[in-house]
Amino acid sequence: MAAAGGGFEDPSPDVLAQAAAAFGLLASPARLHIVWALARGESDVTGLAERVGGALPAVSQHLTKLKLAGLVRSRREGRRQVYYVDDPDIVEVVHLLVDRLSDRAAPARRRLRGL
């Protein structure tokens, strides 16, 4: 690819398409919450549904989409299917974004409490 003004090469169209697909999946608040929860520790669908406040079938459908995209993996433990995030880059991106947005929101919450 051609170098941009700063001397860095632009990503290939394939890489941009993959990144856009990953961000598209994470654009759903429910799926983002599921990935956030799984980045903190593995869980089965029942535990995730309780944690994210979603209906079991809906959480299961979100997990299927995330799994097909390669953002989430699973393994069988007896009768349970346990889900986890196996990509440290996805975990890092999600943590970075959510933590930064939480930090920005904290001063506003403190100001509102002082009213």
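Taking every heavy atom of both residues into account, Leu26 and Leu32 meet most closely at O-CB, 3.6 Å. Looking at every heavy atom in both residues, His95 comes nearest to Ala39 through NE2-CB, 3.7 Å. Leu48 and Ala37 get closest at one heavy-atom pair: CD2-CB, 3.9 Å. Contact detail for Pro11 and Leu16: the closest heavy-atom pair is CG-CD2, 3.6 Å. In plain terms, the two heavy atoms of Pro88 and Asp86 that are nearest each other are CD-O, 3.5 Å. Across every non-hydrogen atom of Ala49 and Leu56, the tightest pair is CB-CD1, 3.9 Å.
In the displayed structure, Lys65 atom NZ is contacted under 6.0 Å by at most 12 heavy atoms of other residues, nucleotides or ligands. Atom CZ of Arg100 is surrounded by 12 or fewer heavy atoms from other residues, nucleotides or ligands within 6.0 Å. Within a 6.0 Å sphere centred on CD of Glu92, other residues, nucleotides and ligands contribute 12 heavy atoms or fewer.
With Asp44 as the partner, the salt bridge (Lys or Arg N to Asp or Glu O under 4.0 Å) test is satisfied by one option alone out of Arg76, Arg51, Arg80: Arg80.
Counting heavy atoms from C-beta on, the side chains of Gln81 and Val45 never come closer than 4.5 Å. Looking at Leu38 and Leu63, their side chains come closer than 4.5 Å, going by heavy atoms from C-beta outward. Contact check for Ser74 versus Lys67: side-chain heavy atoms found under the 4.5 Å cut-off. Proximity of Glu42 to Arg73: side-chain heavy atoms (C-beta onward) are nowhere separated by under 4.5 Å.
A continuous path of hydrophobic side-chain contacts links Val91 to Leu66 [ILVMFWY only; heavy atoms under 4.5 Å]. Note on Trp36: it clusters hydrophobically with Tyr83, by side-chain heavy-atom contacts below 4.5 Å among ILVMFWY residues. Residues Ile90 and Val98 share a hydrophobic cluster, clusters being chains of Ile/Leu/Val/Met/Phe/Trp/Tyr side chains in contact below 4.5 Å.
Considering OG1 of Thr64 and CG of Leu68, their distance stands at 6.5 Å, rounded to 0.5 Å.
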